[in-house]
Every structure is written in C-alpha cells, then in structure tokens.
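Read through the structure below, which is laid out as structure tokens, and then see the notes.
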Amino acid sequence: MSDLISVTDLRVDLGSATILRGIDLTVGEGEVVALLGANGSGKSTLMRALLGLVPISGGDASLFGISVRNQRRQVPWPRIGYVPQRASVGSGIPATALEVVLTGLLHDRRWHVPRGGRTRALDALASVDLADRAHSPLHQLSGGQQQRVAIARALVRAPELLLLDEPMAGVDRPTQATFARLLTTLQSEGTTVGIVLHELGPIRPLIQRCVVLRHGVVAHDGGAPAPAPGHGAADHEHVHLDHGRHEPTDVREAVTPRSLP
Amino acid sequence: MSLLDSLISVVSSPMLQRSLIAALVVGLAAPVIGTYLVQRRLSLLGDGVGHVALTGVAMGWLVGSWTGAEPNDAYAVLGAVIAAVIGAILIEVVRSRGRTSGDVALALLFYGGIAGGVVIISLAGGTNANLTAYLFGSLATITTGDLVMTVIMAAVIMAVGIGLRTALFAVSQDEEFARSTGLPVQVLNILIAVVAALTVTVSMRVVGLLLVSALMIVPVAIAQLVTSSFRRTMFTAMGGGAAVCVIGLVITFFHRLAPGATIVVLAICVYAVIAAVRPLLGAGRGRAADPHPDMDDDVNVSKAGAQE
C-alpha cells in the first residue's frame, strides 16, 4: 500500500505566527482519516498546506509521492478532490448548481468541459441528492445544499483522494445523512478520504483513524478519541456561535493578531 | 415617412455605417469580460484601467510629437493599449495580494492616470481639448482602419471570454477551489485583466474612457436582474449591450446628443425600468412557488403545523 499523503516535519508560518510545526503524517491508500482539533488548532491550515494553498515554511508535504512544496506542477491534481470550508456563493452573477459542479471537471491541462462532462456533473449532483436542483441558482439553495454542491464539485473529478474541510459544520440533517451515506460508498470503493472535523458526530462508526491537532502539533494519531466532557451527549450540537471565526483559515485573517488564540 | 427617409440616408452614409458597426461590435464584446469582473467584485477595474489608459494616450501623443508622426495622435491607441495592459496587471497583482491595500492602490492608479495624462499631453504641446475625444468617445471620426482594428480586437475578446468560459468562471467563482484543481489560477487571472484592458481600449472609441466601464458593467447588471445562470447572464448582457449601443447611437442621428453618453444613459434607464418592473412580473411567480427549501424540521414540534 503506497502513501497518498506524506508529511514530514511540516512547518507553516502565516505572518509572524507559527500555525503548524513538526507535523509528521502519512495516509495510505483507502484510509479514511479524520483531522480533529479545537478551533484554531491548525487543522484547516494543514489541509490547505497539503493542497499548496498556503505556503510551507519548513519540512515538506507530498501527495501521491510528489512534493507539493517543490514540484507543485507535477502533482496529479485530477486525482484529487477538495471541498473548501465555506462553499463560496460568489457575487451578484447568478450561477446554477450545475455550472458550479462543471468547474470541478477542470485541471491543470484541461480548461474546457470535456465531452460527456455534463452527464458526469448531473450524476455527481444526483449522488448528493440534488438532481432536481441542478438548474437552481446557487443563492437559492440552503447552506446545507450549497455544501452538497461543493461536495458534488469534488466528486465529479472521480478523485482517488478526497479532502473535505468541515463538511458537517452547521449543515442540516439531510445533508448530514447524505454525507454519511456517501462516505460509506466512497470507503467501499477504496477512495482515500481526509476530513477536517470539529467532532465525529454521526460519522463516528465510519472513521478508523483520527489525527488530533493541538496548538499546531499532532497530539494524537490513532483510534477515535473519547469526546471531551460535555461534548459526548448524543444530542450535542457542536456549532458554536463563533464557529470558524477563530480559525486562521486564510492569510488575511491569520496576520491579524486578534484572530489567533 | 421622414423617419424612414432619414434611416435610409443613415444606412447609405459610409461614416454612419462604420460607427454603427463599431457600436454593435463593442456593445457585444464589452459585457463578455464585464461578466467576469462583476463576478469577481471588480466592477471598478474598468474605470481604473480607463484612467490609466489616458496616460497611455498622452504618452502615445508625446512619442508622436517627438517623431513628427502624422497625424500626431498616430500612437495614441497603441499607447492606450500598453498603458491599459500594464495598469490592469498592476491592479490584478494588488488584488491577489489582499484587499486592504488594494483599495488605496486602485485610487492612486485612478488619479495618477488622469493627472499623468493631462500633464503629459501639455508636455506634448497639446491641450486638454485633444483628450476630450478619448475621454468621451469619438464615434463620428472612426476610419475604416479603426473599424478593422475594432472588429479584430472585439473578436479576440469574445474568443477568449467565451471560449475559456468554464475556466474563467471557475477562477472568478471560487479561486480557492480553482487552485486546488491545478488550474493555473494566476495565468487565468492575468488573462482576465489583459482582456479587460483590451476591452477598455476598444470601447474607448465608442463611449470614451470615462464611460468605458459602464459599457462593461451596466448590461451585466441588467442581465442578472432577469437570468438565473452564469451562461445566460453573459449572453443576455451581450445582447443587451449591443442593443443599447446601436439604439443609443441611432437616437443621436436624429437628435444632437453626444453618442457615448447617450448610450450609457439609455443603458441605465433600461436598468432602472427593468429593476422597477421586475417585482411586478415576479410577484405571480413568487406566490406560486414556495421560496423555502424543502427541509425537515430541526426540532420536534408536537403538531404538524408546517408542511415538511
């Protein structure tokens, strides 16, 4: 089994703050790994560093054995699907769910929708239970539906490695159910999945391995850890009022000192 | 009958034919790139580039006067193209670095562009009056050579803007995701900036640098009032842009009005009318369809009061 993700002594600085240090991590083919940690522990930043979306200051991260830091152009991007934390609704120009999913078919050497791409995009929307919403403008969909469009946009790539950043944060129950079912299917098909999560919640049975970050270092790597006291109840809805606000999800926020813990 | 007679005289005048074709072509091309600019929240980029292009016009004029070129604005359009491309790339670089300083940088480009243009034109021995044609458009003086140039540039703009639609939409809609797909986001961003600069210079002839952005943005603003997809917004905006340009110009054949400004005023009137009428048209549709997504309740209510 080869390593799809390999991270060695990774260090990420944003502005003057060190967000991640000394991260070592390997993820093999077919694994489903949850990346857990409190707000601001650096889990989103780790995922974004893996994808080359934030600069790496030390160490290295490889996808499919190719360094993201030094050979970004050689990374096989078509084999990777990414679901960003907040699905961007875009601005005033209306765009349909289908149009957004079609952008998932592009990669470094393909700037056009390929033949049959439309059918693939509709299939991807159907797989997240949004077949009937293909022609709805994105801004008319609920937050959970927009999140599912973002997932379909990654799935249309038929990725071998799927990376999701907080796909369950603040979404409705149908989206959670769709997501749990989807994860089971992906797992059985052998897709390698990395998910940034706040807590395991309903997908707990599907996760074999958890990596917990604390203050930018790996605090745990193994089986699912027990939830912190007060977070374990079955009915616990873990969406804080300040959700996402303390996490330095991009450079602009991160260089502002008050956005750091 | 007099209207028909005048229309026939218009169609038979080569000068008016040229200006009509130029207005049509520019009206079609300008909203193509305008759609991406609105999507990127860069509606004012066209203005910034237009201001910088004025410095380019004056530079071209200065070079013309040094080399004794005939006419002395022979290099003005070339200068405008170069300055607009440099200005657009500068704005794109500032934008991609983060928004806080971008606002001020844009403002500096705006003012620097206009002031630089006026200073350089006086260095070149010209007057502000020489710049007026560039600031407010000069459809009436368009030559066959100008027209050919306009058509070629508009064709390039439409080929890039429509041909690379999905890729340009991807980087405009969600840049972060686009980067994760491996698309060369920086190259595509610069491509949008450069094509926007070409659009500015090609539209300069029709409405002038001060109103260029209106031709790129207002048709898009009109289109997005009535459409629900990106593709349809772009094509509706192209049709609308071409229509207001041609109709606006035809109005000026019968009334002594400045063509560029008339086109823009007409476009804004169309926007205002559609924006005012739309709620009336949409009212029936809105009542028929439930705007709320079909969702299960997040809480358990004892009585089934609401449907689903």
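Proteins come first, then strands; the chains are lettered A, B, ... in the order of their sequence lines, and each starts at number 1. Only heavy atoms go into these numbers, but all of them, side chains included; no hydrogens, no water, no symmetry mates.
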Which heavy atom of [X] sits nearest to which heavy atom of [Y], and what is that distance?
| X | Y | answer |
| --- | --- | --- |
| Pro84(A) | Phe177(B) | CG-CB, 4.2 Å |
| Arg179(B) | Leu53(A) | NH2-O, 3.2 Å |
| Leu183(B) | His107(A) | CD2-O, 3.4 Å |

**Q.** Close side-chain approach of Ser229(B) and His135(A), heavy atoms under 4.5 Å
**A.**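 With C-beta onward as the side chain, the pair stays apart.
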
Q.
Quick check: do Thr166(B) and Trp111(A) have side-chain heavy atoms less than 4.5 Å from each other?
A.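 Answer no - side chains too far apart.
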
Q: Pick one of side chain, backbone, both or neither for Arg231(B), based on which atoms fall under 4.5 Å of a heavy atom in chain A.
A: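 Both parts, backbone and side chain.
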
(Q) Is Val171(B) in contact with chain A via its backbone, its side chain, both, or neither, using a 4.5 Å heavy-atom distance? (A)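 Val171(B) has no heavy atom closer than 4.5 Å to chain A.
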
Over 12 non-hydrogen atoms of neighbours within 6.0 angstrom of [atom1] in [X]:
| X | atom1 | value |
| --- | --- | --- |
| Arg73(A) | CZ | no |
| Phe235(B) | CZ | yes |
| Arg232(B) | CZ | no |

Q.
Using a 4.5 Å heavy-atom cutoff, which residues in residues 185-195 of chain B come close to chain A?
A.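 Within residues 185-195 of chain B, near chain A: Val187(B), Leu188(B).
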
**Q.** residues 95-102 of chain A: residues contacting chain B (heavy atom under 4.5 Å, by number)
**A.**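 So far as heavy atoms go, Ala95(A), Thr96(A), Glu99(A), Val100(A), Leu102(A) are the residues that approach chain B to under 4.5 Å.
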
(Q) Taking 4.5 Å as the heavy-atom cut-off, does anything in residues 112-126 of chain A contact chain B, and if so which residues? (A)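 Residues of residues 112-126 of chain A touching chain B at under 4.5 Å: His112(A), Val113(A).
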
Rounded distance [0.5 Å steps], [atom1] in [X] versus [atom2] in [Y]:
| X | Y | atom1 | atom2 | result |
| --- | --- | --- | --- | --- |
| Arg40(B) | Ile93(A) | CZ | CD1 | 12.5 Å |
| Ser228(B) | His139(A) | OG | NE2 | 8.0 Å |
| Thr103(A) | Leu168(B) | OG1 | CG | 12.5 Å |

Q: Sort out for me which of Val75(A), Val83(A), Leu106(A), Leu105(A) touches chain B most, counting heavy-atom pairs under 4.5 Å.
A: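 The option with the most such pairs is Leu106(A).
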
Q: Measure distances from Arg72(A) to the heavy atoms of chain B and classify the residue's part below 4.5 Å as side chain, backbone, both or neither.
A: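 The side chain, not the backbone.
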
Q) Are any side-chain N or O atoms of Arg157(A) and backbone N or O atoms of Thr181(B), one a donor and one an acceptor, separated by less than 3.5 Å? A)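 At least one qualifying donor-acceptor pair exists.
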
Q. With Phe230(B), which residues qualify under ring-ring contact (aromatic ring centres under 6.0 Å, His included), at least two apart?
A.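 Here the qualifying residues are Tyr36(B), Phe169(B).
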
